[in-house]
Number of protein chains: 2
Amino acid sequence: MPDTSPPELKLENQICFAVYSAAHAFAQAYKPHLEPMGLTYPQYLVMLLLWDQDGRSVNEIAHPLHLDSGTLTPLLKRMEKAGLLTRGRDAKDERIVRVHLTPQGKSLREKARAIPQAILCASGMELDGLMALREEVKALGQSLREK
Amino acid sequence: MPDTSPPELKLENQICFAVYSAAHAFAQAYKPHLEPMGLTYPQYLVMLLLWDQDGRSVNEIAHPLHLDSGTLTPLLKRMEKAGLLTRGRDAKDERIVRVHLTPQGKSLREKARAIPQAILCASGMELDGLMALREEVKALGQSLREK
DNA sequence: AACAATTATATTGCGCACAATTTGATGTCA
DNA sequence: TGACATCAAATTGTGCGCAATATAATTGTT
């Protein structure tokens, strides 16, 4: 066996690692903005959904994020404990848990509005280029999930 | 407060989420290839480094992956327990732990050589486009880390 | 040589992420 | 109606990922 790997097995040539690594870099870049709001990065993703449409069921949060109840149930409980939202069974269908933002949770949206500009800046890219890249990455993710 | 978020706060417009989501999709896409080899996805990344250069210190694994000893120490212990590698203190500098592949760990490289082609296929993209995308994502990650 | 600063790894604690299973409510159909 | 499948969440167990801290070896300084 040679001491060096063929190119297709070198770490720096893996697109999966570029994406893996960029995902962690994003979480770190968001941290200083989210920490003052008492949010983690995955919690912020949930807030994006609830700010846009409140009163979602757990599944209506899980599906767009590609997460399951095993991840979301404890995460939502922590957010409830932090006073950001409430969780309660749907009156018409007791299987469903509906999630509603508290006034405090709703109020965070105004503070969050400054974040996208800061991240754009940190990305070192133009908005157009970033949007184009986003669509490419989105298509890649969808393609990987289809198989 | 309106019931809908401004575009810059919608989940589907976030590049961070596109990347986050694609990273998870990659891990899922790799799983059926790695599971038969007894590897998780992060463990596979470590193997890529060791296949290319054996006998690395923990730091020489941590730095390229942007991970720390808090993540790697238990991960490497699990891989040691699985018989993939050995961990031992450097004779010249007892602070350093050197990681060496076992024959079993080395032998997995041949099986892994088929994976990149399968992932390329699942990506639904041409190799050229994927390589270009990789460099863009890499640059984005680096830019985010610099700030 | 003695002592402080630095370096490398390990440990602890918390929060995801996901597979597998469980619990309880709803829907279906003989 | 009663048996059974289906569905929504919750639970359990394992493995990252990272901040904060601890431990031990080495280096630098006086």
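Not measured: the values here are computed from a predicted model.
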Identify whether the distance between the nearest side-chain nitrogen and carboxylate oxygen of [X] and [Y] falls below 4.0 Å.
X	Y	answer
D93(B)	R95(B)	yes
K138(A)	E135(A)	yes
E60(B)	R98(B)	yes

Can you tell me how far [atom2] of [N] sits from [atom1] of [X], to the nearest Å?
X	N	atom1	atom2	value
L72(B)	dG15(D)	CG	C1'	13 Å
E60(B)	dA8(C)	CD	P	10 Å
R89(B)	dT7(C)	CZ	P	17 Å
L76(B)	dT9(C)	CG	C1'	11 Å
I96(B)	dT6(C)	CD1	P	18 Å
Y30(A)	dA19(D)	OH	P	18 Å
N59(A)	dA25(C)	CG	P	17 Å
D90(A)	dC7(D)	CG	P	18 Å

Please check the phosphate of [N] (OP1 and OP2 only) for any side-chain N or O of [X] closer than 4.0 Å.
X	N	result
R87(B)	dA10(C)	yes
S69(A)	dT11(D)	no
T73(B)	dA10(C)	yes

Discussion item. When you measure from the side chain of S143(B) to the backbone of L140(B), do you find a donor-acceptor pair of N or O atoms at a distance under 3.5 Å?
Written reply: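 Such a contact is absent between S143(B) side chain and L140(B) backbone.
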Worksheet item: E80(B) side chain to R87(B) main-chain N or O, any donor-acceptor pair under 3.5 Å?
Response: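 Checked: pair present.
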Discussion item. I'd like to know whether D52(B) forms a side chain to side chain contact (heavy atoms under 4.5 Å, CB included) with L48(B), so could you lay out the CA-CA distance, the side-chain angles of the two residues, the decisive distance to 0.1 Å, and finally the verdict.
Written reply: CA-CA 6 Å; D52(B) 190 49; L48(B) 289 178; over 6 Å; no
Nucleotides 14-19 of chain C: which of its N/O atoms have a protein N/O under 3.5 Å away?
residue: dC16(C); atom: OP1; partner: T40(A); partner atom: OG1; Å: 2.8
residue: dC16(C); atom: OP2; partner: Q43(A); partner atom: NE2; Å: 2.9
residue: dC16(C); atom: OP2; partner: R78(A); partner atom: NE; Å: 2.8
residue: dC16(C); atom: OP2; partner: R78(A); partner atom: NH2; Å: 2.9
residue: dC16(C); atom: O5'; partner: R78(A); partner atom: NH2; Å: 2.7
residue: dA17(C); atom: OP2; partner: Y20(B); partner atom: OH; Å: 2.8
residue: dC18(C); atom: N4; partner: G70(A); partner atom: O; Å: 3.4
residue: dA19(C); atom: OP1; partner: Q28(B); partner atom: OE1; Å: 3.1

All N/O contacts under 3.5 Å from nucleotides 21-29 of chain D to the protein, with atom names and distances to one decimal?
residue: dT26(D); atom: OP1; partner: E94(B); partner atom: N; Å: 3.2

Worksheet item: Q104(B) versus L84(B): any side-chain heavy-atom pair under 4.5 Å?
Response: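 They are in side-chain contact.
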Donor-acceptor contacts, no H, no angles, side chain residues 21-39 of chain B, under 3.5 Å, sequence neighbours left out:
residue: S21(B); atom: OG; partner: R145(A); partner atom: NH2; Å: 2.9

Worksheet item: Is R98(A) touching bases, backbone alone, or none of the nucleic acid, heavy atoms closer than 4.0 Å?
Response: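 Nothing, no nucleic acid heavy atom in range.
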Practice prompt. Indicate if L85(A) and I96(A) have the same hydrophobic cluster label, given that clusters are the connected sets of ILVMFWY residues with side-chain heavy-atom separations under 4.5 angstrom.
Written response: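 No, no single cluster joins them.
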